[in-house]
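Report on one structure; see the data block that follows.
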Number of protein chains: 2
Amino acid sequence: MALRYALLGLLSERPASGYDLAKAFEGELGSYAWHAGHNRIYPELARLVDEGLIKHADEGARGRRTYAVTEAGRTELRNWLLTPRTGGAVRNEPVLRLFLLSALDPEDARKVLRDIADSSERQIAELGEAMAGDTPVSPDGRLPFGWLAAGYGLRQYEAAHDWALWALGELDKVTRRPPTSHP
Amino acid sequence: MALRYALLGLLSERPASGYDLAKAFEGELGSYAWHAGHNRIYPELARLVDEGLIKHADEGARGRRTYAVTEAGRTELRNWLLTPRTGGAVRNEPVLRLFLLSALDPEDARKVLRDIADSSERQIAELGEAMAGDTPVSPDGRLPFGWLAAGYGLRQYEAAHDWALWALGELDKVTRRPPTSHP
DNA sequence: CGATGCATGTAACGCGTTACATGATTAC
DNA sequence: GTAATCATGTAACGCGTTACATGCATCG
């Protein structure tokens with residue numbers, strides 16, 4: 001049920017074809033929030049047209065068809081965004097891995113935790129660079145798509161980094177070793 | 001592919017029946033990491049037995065069958081946990097909502113952000129209470145299942161809270177209003 | 001003896017992934 | 001002219017959800 005809202009959201013930025021939308025999912029949106037390939041996108045676009053949430057906007061070369069969001073579509077998206085998620089079914093593999101850490105012996109768990117510390121550090125550097133400088137403002141007086149989400153990502157990775165270091169300390173406590181020093 | 005590792009992880013704590021496992025998913029594991037009902041669990045247990053990753057351990061009253069992890073199962077779980085996730089397909093609805101925030105007008109976006117700030121504050125209070133006091137140690141000298149994950153959750157919610165307040169400030173900037181004061 | 005909880009399964013359906021398949025245009 | 005890119009679809013399969021279905025044991 002989420003793909004349709006991703007599509008409505010992208011189309012509410014500007015009209016686009018299925019091909020354009022597939023490319024949009026290959027950027028930050030797709031890597032951090034929701035991914036979909038053209039094979040899922042085309043059938044869903046057809047359904048959205050059926051339901052009157054988007055409409056055919058233009059026909060271009062090579063069979064290119066662009067779609068635009070309708071008023072009904074805008075309303076539908078707005079309702080969804082304003083309705084707080086109902087604690088729905090969770091399927092979060094990275095978090096599952098953290099839960100299962102206690103199934104590893106301490107040496108292996110340390111390996112995993114150091115990996116997390118390292119990779120989150122890299123992500124922080126990347127995102128921090130992307131967000132350096134002033135708050136950007138689009139000509140229409142809105143925040144650019146993804147700017148707020150990037151800020152969220154940055155804080156999440158900082159939290160993950162903090163956590164990994166704390167967890168290494170916790171592990172040291174129960175194995176009664178002196179704190180490991182890793183450069 | 002993740003459910004099987006959740007099951008292997010739970011069974012590596014202690015042998016359990018399908019029914020026990022279904023209950024385990026109703027706790028923190030199911031609310032934060034991965035959820036599954038008995039309908040998914042029973043077929044997957046059958047498959048794991050077929051593949052030799054778990055084995056039949058005991059037969060009890062009312063048709064109760066408990067399973068235990070085999071050496072092959074332990075190895076499989078360990079390999080999975082030690083293999084860093086390959087940036088696989090992302091499907092994270094809460095984050096998708098953040099990306100789409102720019103599709104809302106500023107007044108609506110503020111509503112959503114205040115909701116997030118409030119709910120994360122509640123979660124922080126809950127988790128903070130659960131984690132108050134010293135690091136618990138099980139008799140076998142291991143950290144209890146879920147302890148590290150709880151620490152992760154706490155930091156995530158703190159990050160979300162921080163972010164929501166920051167995002168409200170960013171919104172104020174582009175709409176050129178004085179910072180909102182909300183109690 | 002009826003309600004609740006323990007305990008296990010099957011069937012239909014939807015969403016997502018991987019693979020298969022096709023054709024038009026542009027760049028070299 | 002041929003390779004890359006634009007552009008759109010279909011089919012098979014797997015995982016997850018919702019709903020359907022059954023039976024035993026304990027508590028009051």
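So you know, we letter chains A, B, ... as the sequences are listed, proteins then strands, and number each from 1.
Within 6.0 Å of CD on Glu59(A) lie more than 12 heavy atoms contributed by other residues, nucleotides or ligands.
Ring pair Tyr32(B)/Tyr157(B) is perpendicular by interplanar angle, where above 60° counts as perpendicular and below 30° as parallel. Relative orientation of the Phe145(B) and Phe99(A) rings is tilted, given thresholds of 30° and 60° on the angle between their planes.
Tyr5(A) is not listed as a side-chain neighbour of Glu93(B), based on a closest heavy-atom distance of 4.5 Å or more.
We find that CZ of Arg91(B) is positioned 12 Å from C1' of dG14(C), with the value rounded to whole Å. Atom CZ of Phe25(B) and atom C1' of dG16(D) are 12 Å apart (whole Å).
Residues from residues 35-44 of chain B lying near DNA chain C, meaning a heavy-atom separation below 4.0 Å, are His38(B), Asn39(B), Tyr42(B) in numerical order.
Checking side-chain atoms of Asp50(A) against main-chain N and O of Arg47(A) turns up no donor-acceptor pair under 3.5 Å.
Judged by distance alone, the side chains of Thr70(B) and Lys55(B) never bring a donor and an acceptor atom under 3.5 Å apart.
Counting non-hydrogen atoms under 4.0 angstrom, Arg4(A) reaches nothing in the nucleic acid.
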Distances for protein N or O near nucleotides 4-6 of chain D N or O, under 3.5 Å:
from	atom 1	to	atom 2	distance (Å)
dC6(D)	OP2	Tyr19(A)	OH	2.5
dC6(D)	O5'	Tyr19(A)	OH	3.2
dC6(D)	O4'	Arg62(A)	NH1	3.4

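Mapping Gly63(A) and Ala61(B) onto DNA chain C via the closest heavy atom, the residue that lands nearer the 5' end is Ala61(B).
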